[in-house]
Amino acid sequence: QQRLVESGGGSVQAGGSLKLTCTASGDIGSSNTMAWFRQVPRQEREGVAYIFIKGGGTPWYADSVKGRFTITQANGENTVYLQMRDLKPEDTATYYCALGYGPSTVVRTRPAGARYHTWGEGTQVAVFS
C-alpha cells in the first residue's frame with residue numbers, strides 16, 4: 001500500500017526559509033508525479049509545486065511561489081523536497097504531499113495535469129511577520 005510521509009514544517013519569520021521532505025513508501029506502481037499542495041482553513045486546497053519523478057521533466061509552480069519555492073527529487077528515490085525561501089505570512093498553511101499519475105506525454109512538461117490519488121497527512125508551516 002502506498003504511503004506518503006511529510007516532514008520539515010515549522011514556524012519561521014517572514015523572509016526565512018524552510019525545507020519540506022516527502023517520502024513515498026510501498027509500491028507506487030505506475031504513479032509518475034509528486035506534488036506539494038497547501039490548504040488554509042475554509043479555503044480550497046491549492047497546488048504549489050509539481051514534479052515528474054520518472055526521469056527528466058519540467059517542474060511546475062503556482063504563480064504565487066515562482067522564484068521562491070523549488071521542488072526537487074532525491075536521485076533515484078521516491079522522495080521529493082520543497083525548498084521554500086523568502087517566506088511570506090500568506091504562505092502559512094498545512095502543506096500536503098501527493099502522489100499522482102498522468103500520461104507521460106502530458107505530465108513530463110505539465111505535471112500539474114496529473115490525477116493525484118494518494119495524500120500525506122500534512123505538515124504545518126507558519127510564517128510570522
Side-chain angles (χ1 to χ4, degrees):
Q1 184 175 355
Q2 300 164 352
R3 182 168 177 254
L4 301 176
V5 178
E6 305 107 330
S7 63
S11 183
V12 65
Q13 192 169 17
S17 301
L18 285 173
K19 186 175 183 178
L20 307 183
T21 300
C22 174
T23 299
S25 59
D27 182 5
I28 69 169
S30 58
S31 299
N32 57 11
T33 63
M34 293 181 74
W36 288 96
F37 291 74
R38 65 187 182 188
Q39 189 171 26
V40 298
R42 297 177 294 280
Q43 293 187 22
E44 290 189 3
R45 190 168 295 187
E46 171 193 26
V48 297
Y50 308 75
I51 190 167
F52 180 71
I53 61 170
K54 296 299 187 181
T58 304
W60 196 92
Y61 299 94
D63 288 343
S64 59
V65 305
K66 279 181 182 177
R68 300 188 299 121
F69 290 12
T70 304
I71 187 170
T72 55
Q73 179 188 10
N75 288 338
E77 297 182 5
N78 296 328
T79 295
V80 295
Y81 306 102
L82 185 68
Q83 177 68 57
M84 304 185 292
R85 295 184 174 89
D86 190 24
L87 283 160
K88 304 176 181 181
E90 53 263 43
D91 294 318
T92 295
T94 301
Y95 283 70
Y96 297 90
C97 179
L99 182 66
Y101 172 76
S104 295
T105 53
V106 174
V107 299
R108 188 180 296 275
T109 56
R110 191 178 179 275
R115 181 181 71 86
Y116 289 90
H117 51 76
T118 301
W119 299 81
E121 295 186 352
T123 185
Q124 185 68 37
V125 171
V127 185
F128 58 92
S129 57

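Because the structure is predicted, anything quoted here is derived from the model rather than measured.
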Exercise. Output every pair passing ring-ring contact (aromatic ring centres under 6.0 Å, His included) with a member in residues 105-127, not counting sequence neighbours, ordered by first then second residue.
Key: Phe37-Tyr116, Phe37-Trp119, Tyr50-Tyr116
Counting only pairs under 3.5 Å, give me each side-chain donor-acceptor contact of residues 122-129, with atom names and distances, residues two or more places apart or in other chains.
from   : atom 1 : to    : atom 2 : distance (Å)
Thr123 : OG1    : Gly9  : N      : 3.2
Gln124 : OE1    : Thr94 : OG1    : 2.7
Gln124 : NE2    : Ala93 : O      : 3.3

Practice problem: Taking salt bridge (Lys or Arg N to Asp or Glu O under 4.0 Å) as the test, write out the residues that go with Glu121, two or more places apart. | Solution: none
Quiz item: Taking side chain as C-beta onward, heavy atoms only, is Val12 less than 4.5 Å from Met84?
Solution: no
Exercise. Output the distance between atom CD (Gln83) and atom CG (Leu20), rounded to the nearest 0.5 Å.
Key: 9.0 Å
Quiz prompt | Spacing of CG belonging to Asn78 relative to CD belonging to Gln73, to within rounding of 0.5 Å | solution = 7.0 Å
Quiz prompt | Those residues that, when tested against Arg68, pass side chain to side chain contact (heavy atoms under 4.5 Å, CB included) (two or more places apart) | solution = Val65, Asp86, Lys88, Asp91
Quiz prompt | Spatial distance of atom CZ (Arg110) from atom OG1 (Thr33) [nearest 0.5 Å] | solution = 11.5 Å
Exercise. Mind listing the closest non-hydrogen atom pair of Thr118 and Gln2 along with its distance?
Key: OG1-OE1, 3.0 Å
Self-check item: Close side-chain approach of Trp60 and Ile71, heavy atoms under 4.5 Å
Solution: no
Quiz item: Which pairs pass disulfide (SG to SG under 2.5 Å) with one or both residues in residues 22-116, sequence neighbours excluded?
Solution: Cys22-Cys97
Quiz item: Hey, are the side chains of Asn32 and Ser104 touching, using non-hydrogen atoms and a 4.5 Å cut-off?
Solution: yes
Quiz item: Can you name the salt bridge (Lys or Arg N to Asp or Glu O under 4.0 Å) partners of Lys66, sequence neighbours left out?
Solution: Asp63
Quiz prompt | Contact list for residues 41-59, test salt bridge (charged side-chain N to carboxylate O under 4.0 Å, His left out), sequence neighbours left out | solution = Arg38-Glu46
Exercise. Tell me, please, which residues at least two apart from Glu77 pass side chain to side chain contact (heavy atoms under 4.5 Å, CB included).
Key: Ala74, Thr79
Quiz prompt | Under 4.5 Å side-chain linkage, directly or through intermediates, the cluster mates of Phe52 | solution = Val106, Val107
Quiz item: Quick one: OG1 on Thr70 to CG on Leu82, what's the gap to the nearest 0.5 Å?
Solution: 8.0 Å
Quiz item: Are any non-hydrogen side-chain atoms of Pro111 and Ile51 less than 4.5 angstrom apart?
Solution: no
Practice problem: With sequence neighbours excluded, tell me which residues meet side chain to side chain contact (heavy atoms under 4.5 Å, CB included) with Thr109. | Solution: none
Quiz item: Under the disulfide (SG to SG under 2.5 Å) rule, what pairs show up with a residue in residues 32-81, not counting sequence neighbours?
Solution: none
Exercise. Give every residue pair that meets the ring-ring contact (aromatic ring centres under 6.0 Å, His included) criterion with at least one member in residues 80-108, sequence neighbours excluded.
Key: none
